[in-house]
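Values reported hereafter were calculated over all heavy atoms of this structure, with side chains retained and with hydrogens, waters and symmetry mates removed. Along the sequence shown, residues carry numbers from 1.
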Amino acid sequence: MVLRNAVHKDLYADSVALMRVASRLAGEPGVDAVSLVMGTPANREVLAETGMLTAEGRSAAPNDLIVAVRGTDAAADAALAAAVSALRAADGPPEGEPGEGGPPLRSLAGAPADADLALISTPGAYAAAEARKALRRGLHAFVFSDHVPLADEVELKREAARRGLLVMGPDCGTAVVGGVPLGFANAVRRGGIGLVGASGTGLQQVSTLLHDMGAGVSHIIGTGSRDVSEEVGGLTMRAALDALAADPATDSVVLVSKPPAPRVAEQLLRHMSELGKPAVVCFLGWDPAGVPLPHGVTLASTLYEAARAAAEQALGRPVPPSSGPRLPALPPSRRLLRALYAGGTFAHEAGLLLGPVLGELDRSGRLPALPPRHLVLDLGDDEFTAGRPHPMIDPGVRTAYLRAALADPATAVVVLDVVIGYGAAADPAAAVAATLAEADAEADGGTGADRPAVLCFVVGTDDDPQGASAQRRTLREAGAVVVGSSTEAALACAQLLDSPGGFDARPAHAATIGGSA
């Protein structure tokens, strides 16, 4: 294996395009690892830490593109040569995504006069300046960029509040505004439910569950995870709630987040009580003890509960609980959980639901060996994606973990989220199915008889480019058990590992969720 870097002077591309091209090139024969990043100091440091930086890469300036490839001689040379042409081919919306076509804008100065929102995806060091320009042109800002200093976020959101505008982000992964998806989002039915959240995958899960339940969404407004911190104070959340309260197309509101700072949580609850519209709040893991719940606000403790409560409000009728298949009995030797998530909110929710049953959960297991303890990983975290695409873009990022989990004789059940939609991989279920087939062939000639249970849930709709039903069919044909949501997957695992003789997931799910929604 050889390691090579190529530096392309003054060639900028946003992070999503870079990750897509890296994912495509990483699948080429003889290529072990690929990274495409802008040459900022932070990115160079990441490449160095992951063993992907050469002397040539160290010379890159922040506006330069670094292509780093590890592989065989011929494969590395071919990938380096193909990177820029692949990047140019990937410029603009991927196939199946909405877009007007034509060359992309390279500056805000070229924006049409009737534009009202700017999507900003630059290295974090420059994102605040671009967002500030957008605000001063009267544009809302969707800031996909991460590594933006907290002080800049606070300043931007305060300026946006003065101007009556929204700053979604930084590090905002999901939004749907007026039916237009931004970042990672799904094709969901239009309707009267407005969603606001500091969790991208949490918003995706709730919005797609609403779609499956027959309800629809007016807008989805992401805020970035730090918005609910004490320092930021929920500035975008409150502004988004006000915008939805004033929107005639929005009849009710759902708020999704990991636990806000205590003062921020109380402020947001009071704010929601003043909207004049029914509201559902899901602060995953938040303890409401001592905090009065305002009139008109329903508290949900899981993502499924939040979707079901909002759907019942919108539809004016009960929503029956989802039905789950019977899970297999476990051999006595198989007692460990391996939950390998691409979405951080799913890992957080699983920890809340599984911890009381399974005890302490390992959150930092690293290869080559998985720990001899129950494991819940957020493989989309920076710890695991440094120098590599996010697993929602490249499902192969978690393949090594899946192989290790399947090969471990102590593994009882593996949990996987399969997130589809705009921005996600073209066929993530196929990557899972290929790994399961490979493991079956190696273990017992392809029967899968002694394989751990593999539990999957698909986050998406049939209107997404990948098609949720097709993804579920691929997973079932590969021998996976497919359930309806992240919540159902976690509850199923809790009961399976607590009752090794197997159980019917449907009554357990109905009792747990239906009783509190």
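- A donor-acceptor contact shorter than 3.5 Å links the side chain of Thr435 to the backbone of Ala431.
- For Arg398 and Asp417, the salt-bridge test passes: some basic side-chain N is under 4.0 Å from an acidic carboxylate O.
- Under a 3.5 Å cut-off, the side chain of Arg335 and the backbone N or O of Leu497 do form a donor-acceptor pair.
- A donor-acceptor contact shorter than 3.5 Å is absent between the side chain of His348 and the backbone of Lys258.
- The minimum heavy-atom distance linking Glu349 with Ser486 is given by the pair OE1-OG, 2.7 Å.
- For Gln471 (side chain) and Asp427 (main-chain N/O), no donor-acceptor pair under 3.5 Å exists by modelled atom type.
- Between atom CG of residue Leu303 and atom CD of residue Gln204 there is a gap of 11.5 Å, rounded to the nearest 0.5 Å.
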(request) Given side chain to side chain contact (heavy atoms under 4.5 Å, CB included), test Met19 with Asp394 step by step and report yes or no. (result) CA-CA 8 Å; Met19 286 189 285; Asp394 179 8; over 6 Å; no
(request) Check step by step if side chain to side chain contact (heavy atoms under 4.5 Å, CB included) holds for Leu436 and Leu406. (result) CA-CA 8 Å; Leu436 297 185; Leu406 295 171; 3.7 Å; yes
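- Using bins of under 30°, 30° to 60° and over 60° for the plane-to-plane angle, the ring pair Tyr401/Phe384 lands in the perpendicular bin.
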(request) Check the pair Val31 / Leu25 against side chain to side chain contact (heavy atoms under 4.5 Å, CB included), numbers first and verdict last. (result) CA-CA 8 Å; Val31 175; Leu25 295 177; 5.6 Å; no
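- Annotation: side chain of Asp10 is in contact with side chain of Asp64 (closest heavy-atom distance under 4.5 Å).
- The nearest pair of heavy atoms linking Arg472 to Gly460 is NH2-O, 4.3 Å.
- Closest heavy-atom contact between Met52 and Arg70: SD-NH1, 3.3 Å.
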(message) Could you walk me through whether Arg226 and Asp171 satisfy the side chain to side chain contact (heavy atoms under 4.5 Å, CB included) test, starting with their C-alpha distance in whole Å, then the side-chain angles of each, then the deciding distance to 0.1 Å, before giving a yes or no?
(response) CA-CA 9 Å; Arg226 296 187 306 199; Asp171 199 16; over 6 Å; no
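- Side chains of Leu354 and Cys493 form a contact here, defined as non-hydrogen atoms less than 4.5 Å apart.
- Proximity of Asp463 to His211: side-chain heavy atoms (C-beta onward) are separated by under 4.5 Å at one or more points.
- Remark: side-chain polar atoms of Ser225 are not paired, donor with acceptor, to backbone N or O of Ala198 under 3.5 angstrom.
- In this structure, a donor-acceptor pair under 3.5 Å is absent between the side chains of Thr122 and Glu130.
- Taking the six-membered ring for Trp and thresholds of 30 and 60 degrees, Phe457 and Phe346 have ring planes more than 60 degrees apart, a perpendicular arrangement.
- Note that the CD1 atom of Ile120 and the CG atom of Leu156 stand 8.5 Å from one another [nearest 0.5 Å].
- Nearest approach of Ala347 to Val376, heavy atoms of both residues: O-CG1, 3.7 Å.
- Here Leu358 contributes atom CG and Leu375 contributes atom CG; the two are 12.0 Å apart, rounded to the nearest 0.5 Å.
- A side-chain donor-acceptor contact under 3.5 Å links Thr411 to the backbone of Ala405.
- A salt bridge links Asp440 and Arg451; the closest N-O separation between the charged side-chain nitrogens and carboxylate oxygens is under 4.0 Å.
- Thr208 places no side-chain N or O within donor-acceptor distance of the main-chain N or O of Thr461, the cut-off being under 3.5 Å.
- Under the 3.5 Å distance criterion, with hydrogens and angles disregarded, no donor-acceptor pair is assigned to the side chains of Ser485 and Gln205.
- Residues Thr201 and Phe184 form no side-chain contact, since every pair of their non-hydrogen atoms from C-beta on lies 4.5 Å or further apart.
- When all heavy atoms of Val7 and Ala60 are compared, the pair lying nearest together is CG1-CB, 3.9 Å.
- Taking 4.5 Å as the limit, some side-chain heavy atom of Leu150 sits within range of a side-chain heavy atom of Val232.
- Note that OG1 of Thr302 is 11.0 Å distant from CD of Glu488, once rounded to the nearest 0.5 Å.
- Within the 4.5 Å cutoff, the side chain of Asp362 has no heavy atoms near those of the Leu370 side chain.
- Judged purely by atom type and a 3.5 angstrom limit, Asn5 uses its side chain to pair as donor or acceptor with the backbone of Thr54.
- Taking the side chain as every heavy atom from C-beta outward, Val481 and Val413 never approach each other to under 4.5 Å.
- Here the OG atom belonging to Ser301 is positioned 12.0 Å from the CG atom belonging to Asp287, to the nearest 0.5 angstrom.
- Proximity of Arg338 to Asp408: side-chain heavy atoms (C-beta onward) are separated by under 4.5 Å at one or more points.
- In this structure, His374 contributes its side chain and Leu337 its backbone to a donor-acceptor pair below 3.5 Å.
- Using a distance-only test at 3.5 Å, with no hydrogens or angles considered, a donor-acceptor pair links the side chain of Thr487 to the main chain of Tyr304.
- For the atom pair Asn186 CG and Gln466 CD, the distance stands at 8.5 Å (nearest 0.5 Å).
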(request) Check the pair Ser469 / Asp462 against side chain to side chain donor-acceptor pair (under 3.5 Å), numbers first and verdict last. (result) CA-CA 6 Å; Ser469 294; Asp462 281 338; 2.9 Å; yes
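- When every heavy atom of Gly57 is checked against every heavy atom of Ile66, the shortest pair comes out as O-CD1, 3.6 Å.
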